[in-house]
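Notes to accompany the following structure.
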Amino acid sequence: MLKTETADNWWKSAVVYCLDIEKYFDANDDGVGDIAGLCQRIDYLAELGVTCLWLMPFMPTEGRDDGYDITDYYGVDPRLGDHGDIVELIRTAKDRGMRVIMDLVVNHTSHKHPWFVKARSSKNSPYRDYYVWRDEPPKDTSDEVVFPDAEESLWELDKRTGQYYLHNFYSEQPDLNIANPAVQEEIAKIIGFWLQLGMDGFRVDAVPFFIEERGIPKEWSDIYSDPHEYLREMTAFLKRRRGDAMLLGEVNLEYQDQLDFFGGPDGDELTMMFDFELMQRTYLSLARQDATEMARTLKRRPRLASNNQFANFLRNHDELTLDKLSDTERQEVFDAFGPQEDMQLFDRGLRRRLPPMVDGDPRQLRMMYSLLFALPGTPVLFYGEEIGMGENLDIPGRLAVRSPMQWTSDKNGGFSTVVPSRLVAPVTEGGYGPEHVNAEDQRADPDSLLNFVSLLARRYRECPEVGMGEAEVLEHEAPSVLAHRCTWNPFGGGNASSVLVHNLSPEATSITVTLEDVEEGTFVLDLFSGDRHEVTKGGKLSLEVGAYGHHWLRLLLPGDRRLH
């Protein structure tokens with residue numbers, strides 16, 4: 001492949017940044033973040049090194065699920081701005097070198113969406129079959145609900161028509177009948193509309209719930225046939241409209257099942273997926289101060305089609321789910337990072353941000369964010385991670401990590417000038433409050449976490465082998481250290497190979513790895529310290545790794561003429 005593949009498959013070497021517009025910056029001082037405010041902060045994101053901006057839902061909503069209960073797929077929440085503001089945002093971001101993607105939430109609508117309002121008005125409504133209904137009372141599904149703190153069943157009785165409707169999430173979010181061709185046409189129009197306005201792709205919410213047939217009557221499932229065929233058709237439609245657009249899927253399944261959602265060897269379904277398996281094993285490894293589980297997970301990661309990619313993350317906007325761990329393993333992570341019951345959620349996850357989990361230890365934070373960028377794949381940041389924001393446990397449930405962005409040490413963290421009672425969400429207080437953690441102070445401090453994360457973004461972009469290449473876990477004698485090598489050989493671009501080393505322990509150690517295809521005398525450059533190491537006989541590379549140490553080591557191979 002050509003070196004320019006990094007532009008064609010741009011998502012394989014992107015730095016993705018997720019934010020909630022209403023929590024980011026309030027330009028008109030009404031207590032709610034807005035699109036105009038985000039436009040004012042685009043240069044901050046460009047300086048950080050962001051190349052792909054992921055916008056959480058900004059459409060009109062009833063406010064039941066923080067924007068994920070949508071009432072108009074073509075609209076813009078008037079609190080945030082209008083279509084003109086969205087166009088200006090997209091244009092400004094692209095001028096600064098950022099692509100823009102948005103949430104595609106089409107598993108369900110709000111119960112106040114016009115489709116559902118019409119659907120529940122009568123069994124004869126033409127919109128009735130936009131949703132999934134049943135006549136008889138459902139069996140007990142309390143063990144299947146996504147939000148056990150709020151729901152007891154996947155079905156809700158609609159008293160007006162006497163039928164039950166399906167909702168995998170809140171009862172105010174009725175599931176769409178994806179088997180209905182009319183619904184599929186609506187989804188295609190939604191995708192086409194936002195692509196036409198300049199979006200570069202979509203983060204697809206809850207994909208398994210979106211395409212599954214559970215609860216759908218047989219007459220519809222017979223029409224639907226193969227859910228993955230529909231996902232292929234949806235991807236094909238996306239590519240017809242915008243050849244370089246992508247779909248980033250939320251698919252919290254095991255690797256073998258994820259392969260199906262990628263489209264197998266053809267890779268013709270989802271473009272990217274979050275690696276929930278690796279994320280959960282990362283936290284287990286961190287709790288144990290032993291990299292063994294991470295190494296095992298990386299080794300069993302499936303090989304993907306050339307256009308597909310895993311997205312790596314340490315935190316996102318939901319609870320930090322640990323559902324793939326055993327009860328014992330999950331308890332290990334709880335004990336290490338969220339021992340208090342109020343820090344846990346649904347018996348399966350944590351409602352905390354990373355810095356408080358590690359007591360603000362700057363060594364651990366730097367090592368963990370270095371690890372995030374160094375893992376094979378595409379790094380995804382959640383807003384505020386770059387400055388070390390903490391959660392606000394006074395905000396209920398999963399929303400504890402969605403407090404306003406902390407810009408300055410001023411009132412409300414510089415997010416808004418209104419009285420605190422008018423804020424869309426309360427600002428975090430205490431040791432992680434804006435007087436201690438804010439972007440303005442960290443911009444002026446060359447040793448801040450913000451400047452370190454910016455440097456990581458730069459190094460990641462300078463090492464396309466991390467996102468584009470083949471990964472190999474390297475064996476050595478120190479259990480606390482994860483060492484892996486990423487190699488990429490683009491046509492006409494020379495060899496590109498790096499060794500990435502991370503110590504998950506507070507104890508310094510040393511390792512020796514074997515680089516079998518590397519000749520004795522080859523030099524290795526540390527991209528952070530500037531130190532040089534030399535490969536010895538048999539491809540041996542020996543390193544000292546400090547407490548929570550991390551190294552990005554570029555092999556200075558023949559043909560690699562990159563700037564050092």
Side-chain angles (χ1 to χ4, degrees), residues 57-80 82-83 102-138 141 145-147 150-151 153-197 202 204-207 209-224 227 230 233-234 237:
F58 54 80
M59 286 75 79
T61 170
E62 280 294 302
R64 178 64 180 93
D65 190 16
D66 201 37
Y68 285 86
D69 54 327
I70 294 170
T71 59
D72 179 4
Y73 285 111
Y74 301 101
V76 177
D77 187 331
R79 299 175 306 149
L80 311 184
D82 55 31
H83 286 95
M102 61 180 283
D103 262 285
L104 182 67
V105 188
V106 286
N107 159 254
H108 54 257
T109 70
S110 166
H111 68 304
K112 294 295 182 68
H113 192 288
W115 296 344
F116 192 68
V117 172
K118 294 173 183 176
R120 73 192 314 180
S121 66
S122 167
K123 289 184 179 181
N124 297 319
S125 167
Y127 288 92
R128 188 71 175 179
D129 290 325
Y130 273 42
Y131 298 88
V132 182
W133 303 89
R134 63 181 296 158
D135 290 313
E136 66 279 6
T141 55
V145 297
V146 175
F147 302 129
E151 301 294 341
S153 173
L154 299 179
W155 297 88
E156 183 77 7
L157 176 63
D158 178 46
K159 295 180 179 178
R160 178 165 185 169
T161 59
Q163 285 187 311
Y164 297 82
Y165 64 85
L166 179 67
H167 62 91
N168 273 291
F169 295 89
Y170 292 114
S171 58
E172 293 91 346
Q173 295 169 310
D175 278 21
L176 285 164
N177 177 10
I178 192 59
N180 186 341
V183 171
Q184 296 176 18
E185 290 181 10
E186 296 281 6
I187 293 171
K189 287 194 294 184
I190 293 164
I191 291 172
F193 175 81
W194 290 108
L195 289 176
Q196 196 69 27
L197 281 190
F202 302 87
V204 189
D205 187 57
V207 183
F209 294 102
F210 163 40
I211 69 167
E212 74 176 358
E213 301 174 89
R214 178 169 64 175
I216 294 177
K218 188 175 185 302
E219 63 267 25
W220 286 109
S221 61
D222 287 346
I223 295 173
Y224 191 35
Y230 167 65
E233 291 174 357
M234 190 176 83
F237 172 80

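Small disclaimer: the values here were computed from a predicted structure and weren't measured.
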Taking all non-hydrogen atoms of both residues into account, name the closest pair between [X] and [Y] and its distance.
| X | Y | value |
| --- | --- | --- |
| P57 | G67 | CB-O, 3.2 Å |
| W220 | P181 | CZ3-CD, 3.9 Å |
| S221 | I216 | N-CG2, 3.9 Å |
| V106 | Y73 | CA-OH, 3.9 Å |
| W194 | V76 | CH2-CG2, 4.3 Å |

query = Could you state the interatomic distance from CE (M59) to OH (Y68), rounded to the nearest 0.5 Å?
reply = 9.0 Å

inquiry  = How long is the straight-line distance from NE2 of H113 back to OG1 of T61, given to the nearest 0.5 Å?
reply    = 11.5 Å

My understanding is that only residues two or more places apart in sequence, or in another chain, count here; which of them pass side chain to side chain donor-acceptor pair (under 3.5 Å) with [X]?
| X | answer |
| --- | --- |
| E233 | none |
| E212 | R214 |
| K218 | D222 |
| H111 | none |

Side chain to side chain contact (heavy atoms under 4.5 Å, CB included) with [X]: which residues, sequence neighbours excluded?
| X | answer |
| --- | --- |
| E151 | V145, H167, Y170, S171, E172 |
| P114 | none |
| V117 | none |
| A188 | F237 |

key: Non-neighbouring partners of F116 that pass ring-ring contact (aromatic ring centres under 6.0 Å, His included), sequence neighbours left out   = Y131, W133, Y165

Side chains of [X] and [Y]: does their closest heavy-atom pair fall under 4.5 Å?
| X | Y | answer |
| --- | --- | --- |
| P174 | V132 | no |
| I187 | F210 | yes |
| P138 | L154 | no |
| I190 | F202 | no |
| S110 | R64 | no |

inquiry  = Using side chain to side chain contact (heavy atoms under 4.5 Å, CB included), reason through Y130 and T109 one step at a time and then give a plain yes or no.
reply    = CA-CA 10 Å; Y130 273 42; T109 70; over 6 Å; no

task = For this output row, return yes or no: ring centroids of F209 and H108 closer than 6.0 angstrom.
result = no

For [range], which residue pairs qualify under salt bridge (Lys or Arg N to Asp or Glu O under 4.0 Å), counting only residues two or more places apart or in two chains?
| range | result |
| --- | --- |
| residues 113-130 | R120-D158 |
| residues 102-117 | E62-K112, D103-R203 |
| residues 71-80 | E22-R79, D77-R79 |

task = State whether the number of non-hydrogen atoms from other residues, nucleotides or ligands found under 6.0 Å of Q196 atom CD is greater than 12.
result = no

